[in-house]
Amino acid sequence: MGHPDKFLLAGVMGWPVMHSRSPALHNYWFQRYHLAGTYLPLAIRPEGLEAALRALAPLGFAGCNLTIPHKEQALRIVDHADERARKIGAISCVSVNADGSLTGTNNDWYGFIENLREAFPGWRADAAPCVVMGAGGGSRAVVDALTHAGAKDIRLINRTAERAQLLARDLGGPVTCLRWEERHAALEGAGLLVNTTSQGMVGNPPLDLKLDALPTNAVVYDIIYIPGETPLLRDARLRGNPTLNGLGMLLHQGRPAWKGWFGLDVEVTQELRKLIEDSL
Ligand code: ATR
């Protein structure tokens, strides 16, 4: 390569951040497309988030991703955010505009639905009820994605019922909140079950959910990717359900980020998937 006049910069702000697989993901794309640039893990304390975001423009960054615990606070700092991000109540990505102002977007919903469509091209949101477990930030992106994909019946179940009701109120859509005690029976007739709770993540106990009522053709999707197969996904696989973990969601949410930062359409290749899988 000669001497390009601009070194491309982006990164992920989190606290902690060193566990993030985003640098490996995005640096793969710099290499694959032979671009001079880099993507950095940026360890930013919550109290330093505003200063860090405002430093992106003078430092020449195209933008950044946001991870725990910054997604909600960052929405309040950026100059512009699209309607979906506002509804979801969080941003996962910031782009620096030509005038130095900051635009926030939420790409998690996109990663969620693209991963599902890629893995199961025949899946239809409106074919059968969708059951979503959990009502945190991940759930808000998932419910929004399913609503926009045409779901007609979303059964939302959270341990803390008020949080589910708040989500349903903020997002609108065809959402029915069910009580935690109803979770096993709520699987009756479903075409999709999504876990967005932290249960089943490495270090946490499994999600307490009996799958008996779930049709065996329903897709079971856990947005967790460490471990690659949660106890929920294992149980589902053993009874014959098609399953999907959250790794593809992470990979796919990077694509609109690149479009926004560098104007490029990047690809989620098998090689990339293997690179990140091997790093887990
Ligand atoms: P995120 O933004 O990643 O979705 P979060 O906002 O902390 O994370 O949400 C975590 C989700 O896991 C919530 O739905 C939470 O339920 P509560 O709202 O009742 O806290 C759910 N969760 C956490 N621990 C749980 C447990 N032991 N049993 C069931 N659900 C649990």
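Please read these numbers as outputs of a predicted model, since none were measured by experiment. As the structure lists them, so they are numbered: ligands from 1, and atoms in each ligand from 1.
Neither the backbone nor the side chain of Met133 comes within 4.0 Å of ligand 1, counting heavy atoms alone.
If you check the side chains of Asn65 and Ser22, you find no donor sitting under 3.5 Å from an acceptor.
Here the closest non-hydrogen pair linking Pro174 and Ala151 is CG-O, 3.2 Å. Minimum interatomic distance between Trp258 and Val266 (heavy atoms only, all atoms of both residues): CE3-CG1, 3.5 Å.
Heavy-atom proximity to Gly136, at under 4.0 Å, picks out these atoms of ligand 1: 4 (O), 6 (O), 9 (O), 14 (O). Within the listing of ligand 1, atoms 14 (O) sit less than 4.0 angstrom from a heavy atom of Gly134. Close contacts of ligand 1 with Ser198, meaning ligand atoms under 4.0 Å from a residue heavy atom, involve 12 (O), 22 (N), 23 (C), 24 (N). Here is the list of ligand 1 atoms found below 4.0 Å of a heavy atom in Gly138: 1 (P), 2 (O), 4 (O). Proximity to Trp180 (heavy-atom distance under 4.0 Å) selects the following atoms of ligand 1: 29 (C).
The shortest N or O to N or O distance between Thr197 and ligand 1 is not under 3.5 Å. Of the N or O atoms in Ala135, one or more lie within a sub-3.5 Å distance of an N or O in ligand 1. Considering backbone and side-chain N/O of Arg163, one or more are found under 3.5 Å from N/O of ligand 1. By the 3.5 Å distance cut-off applied to N or O atoms, Gly137 is counted among the residues near ligand 1.
Checked against Tyr221 for a side-chain hydrogen bond (donor to acceptor under 3.5 Å, both in side chains), the options Asn245, Thr243, Thr196, Asn115 give a single hit: Asn115.
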I'd like a table of donor-acceptor pairs (distance under 3.5 Å, sequence neighbours excluded) in which one partner is a side-chain atom from residues 46-57, with atom names and distances.
unit_1, atom_1, unit_2, atom_2, d
Arg54, NH1, Asp79, OD2, 3.0
Arg54, NH2, Ile77, O, 3.1
Arg54, NH2, Asp79, OD1, 3.1

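Closest heavy-atom approach to atom 20 (O) of ligand 1 among the candidates Glu162, Glu72, Arg159: Arg159.
The single protein non-hydrogen atom nearest to atom 19 (O) of ligand 1 is Thr160 OG1, 2.4 Å, given as residue, atom name and distance. Protein heavy atom nearest atom 16 (O) of ligand 1, with residue, atom name and distance: Asn158 OD1, 3.2 Å.
The distance from the CE atom of Met249 to the CD1 atom of Ile224 is 11.5 Å, given to the nearest 0.5 Å.
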Step-by-step salt bridge (Lys or Arg N to Asp or Glu O under 4.0 Å) determination, Arg32 to Glu267: CA-CA 10 Å; Arg32 180 175 163 85; Glu267 255 187 299; 3.1 Å; yes
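Between Asp265 and Lys259, at least one side-chain N (NZ, or NE/NH1/NH2) sits under 4.0 Å from a carboxylate O, which counts as a salt bridge.
A 4.5 Å side-chain heavy-atom check between Thr269 and Tyr28 finds at least one atom pair inside the cut-off.
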